There are 2 protein chains.
Amino acid sequence: MGTALEGNMRAAIMRQRRIVVDQLAVPEPGPGHVLVKTLACGICGSDLHMLRHGPRLAAEAEPGDRIMQNMNFDHDVVMGHEFCAEIVDFGPDCRRQFKAGQKVCSVPAVLGPGWRRPVGYSNDYPGGYGEYMLLQEGLLLPVHENLTADVAALTEPLAVGLHAVEMARLEPDSVPLVIGCGPVGLAVIVALKAKGLGPVMAADYSPGRRALAVAMGADEVIDPNENSPYDTWRQIAALPNEAPPPLGPIPELFKPSVIFECVGVPGVIEQIMAGAPPQARIVVVGVCMEADNFQPYKGIIKELNLQFVLGYSPEEFAACLALIDSGKLDLSPLITSRVGLDGVAGAFDDLADPDQHCKIMVQPHRPS
Amino acid sequence: MGTALEGNMRAAIMRQRRIVVDQLAVPEPGPGHVLVKTLACGICGSDLHMLRHGPRLAAEAEPGDRIMQNMNFDHDVVMGHEFCAEIVDFGPDCRRQFKAGQKVCSVPAVLGPGWRRPVGYSNDYPGGYGEYMLLQEGLLLPVHENLTADVAALTEPLAVGLHAVEMARLEPDSVPLVIGCGPVGLAVIVALKAKGLGPVMAADYSPGRRALAVAMGADEVIDPNENSPYDTWRQIAALPNEAPPPLGPIPELFKPSVIFECVGVPGVIEQIMAGAPPQARIVVVGVCMEADNFQPYKGIIKELNLQFVLGYSPEEFAACLALIDSGKLDLSPLITSRVGLDGVAGAFDDLADPDQHCKIMVQPHRPS
């Protein structure tokens, strides 16, 4: 390789259940891999959960758990999987269809014969909370020069929302309800509106998040302290309150309802199951990493469907970058703060307050 | 009405959380209702759950709960919703397309303008653990004279299985796995085979229930003490154990898998979520009436789908009676005991032992 980059880099590392800044070796690109310089990387709520609950989950992980199988919490992990980067150098066997200096996005994965590693959730492949990363050449998507790295880095969380909407199998007259307007819920709202679905209802206790939901296109926002999201949903969807019960399945009475769980803390699924109308589909997008309780009877009596979702396909990812690049959306309000590597640990703490922040962008080369 | 039946009847009544035999008034048929004599009524696991957990569930019930809304546990309820009966008399406004003496089955419901009551789960409309019931004339299905009332009464539990299979949206190459081979699991097996789906795998700890599963057509039965149902499923479905992980969604690697939860006690859904392969659909047919625990992460990492189901449509019910009447199936091994009204309380106790009994048939007019 022989580049000037041989040596060390700085990274905000998950080590002993804390985030610490330290020097690590710059990774060496293998066959088909590309060394990139991280321009921007969003902090994901899953990373906060991973810091807190990851060691327990790794200890209990089933074979084939594609997140936990490469995570050894006794060793360093550099998280960060929502990034935009710049090509620095190429490993062997690269096709070099882009030049060094090209700004790129990518699904956070590197591949080899018979294996895949998630970038940002493995001991081997550092993520975007470090100055440099390895990516897979064949997965790189070029980012237009007019698009800022910060906004391009929102491709990944937006893809999570688009995938959730695709998995929801919405019908044209479905009336979607989004519970929780953090980054995940906002991505779902953007994806619903981009697909022309709605009216879109969204609920969050935080005034700041409700304002962002409106900015992202929600047609109706609900403060659960003031109104039941489910009652509001029934009014907007014009559901009969006391219709004569039919003999057969109940659903013909109702518009198809899809509720997106975008909170990811214990108790929310149970609450949604209690509030949901009969035959509702509940799409679980929030990543709850703790034990949870629920009452199966509440699902049975209403024949509810719970669809758990994770990630996205490369096609969904590419569609989101194209949507952002189209200029039809202004996602910049989602970015509420920018920090360097020394600010990552503090940003993890700050994100606990939903009214202060939405997406905090890490810029590893930002001067401290 | 002026029939000889004015007066009292005997019934096994749910009263003060116990089953007691007492005299009740013979019900009076309203418009469109028919008075029938109960010939046979199966004891359903849901009735056992209802006796134990019903009062708590009724106290917490949401508006629109179509089971609990008519259940006041301070007053008598005559349960029993899996019945075959004989027409005795007609209320006003009946079309009388069948004659008195006709043997009939029916979905357990009576209707009026703007209301529906489940027969067997309401204070007003006694079910099949009593000598007489009211049914809805328009819902009656005639039972062929050669079909015994006992076997015809299996229409209802079989319809539960058929509905679960319909809700599972199986593809032709799906490999279904049935967890639990009590009456619900056996009904699912019968419905799967009747639809030509399979191979059908079924798991139960009880040797007696595994033998019944084979008799009902299961292609492979599994003792979970000896083998993991999920590992066996993987072998039979010829799934790759260590396939190179794809970039996109994982499901292409696997045959579509559908797992039927037919146990209905806390912890089973969590176990199935832990053992299920990625992208599996879990159909919850067992009726768990207690609080339960689960780990959402196990659903998320594998993008599982949980479909809760309840009941059946009138069309599914009619299809099951036609299937039984066709003589293609011998369901009689499912009936492991017959009792009179004085035997109902004991039968509830006996059903706690899964190796002793499958379906116990109550014959209210059986001499004690």
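Every value quoted in this text rests on a predicted model; they were computed, and no experiment measured them. Below, chain A is the first sequence line, B the second, and so on; all start at residue 1.
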> Give the minimum heavy-atom separation between Gln307(A) and Leu304(B), together with the two atoms involved.
NE2-O, 3.4 Å
> Go through it in stages, so that I can follow the logic: the residues are Leu306(A) and Phe308(B), the test is side chain to side chain contact (heavy atoms under 4.5 Å, CB included), and I'd like the CA-CA distance, side-chain angles, deciding distance and then a yes or no.
CA-CA 8 Å; Leu306(A) 272 179; Phe308(B) 296 92; 4.2 Å; yes
> With respect to chain B, which residue among Lys302(A), Met68(A), Met289(A) yields the maximal number of heavy-atom pairs within a distance under 4.5 Å?
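That would be Met68(A).
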> From Tyr297(A) OH over to Glu60(B) CD, what is the distance, rounded to the nearest 0.5 angstrom?
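The CD atom of Glu60(B) is 10.5 Å from OH of Tyr297(A), to the nearest 0.5 Å.
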> Select one option (side chain, backbone, both, neither) describing which atoms of Ala274(A) are under 4.5 Å from chain B's heavy atoms.
both
> Hey, which of Pro296(B), Gly275(B), Ala291(B), Cys288(B) has the most heavy atom pairs under 4.5 Å with chain A?
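Of the candidates given, the most pairs with chain A belong to Pro296(B).
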> May I ask you to name which of Met167(B), Glu290(B), Arg169(B) has the most heavy-atom pairs under 4.5 Å with chain A?
Arg169(B)
> For a quick test of reading the model, state the closest non-hydrogen atom pair linking Ile300(A) to Leu310(B) and the distance between them.
O-CB, 3.3 Å
> Where along residues 259-270 of chain A does a heavy atom come under 4.5 Å of chain B, listed by residue number?
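So the qualifying residues are Ile269(A).
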> Heavy-atom count around Arg52(A) CZ within 6.0 Å, excluding the residue itself: above 12?
no
> Looking at Val309(B) and Glu303(A), what are the two nearest heavy atoms and their distance?
CA-OE2, 3.3 Å
> Go through the atoms of Ile282(B) and report whether side chain, backbone, both or neither lie under 4.5 Å from a heavy atom of chain A.
neither
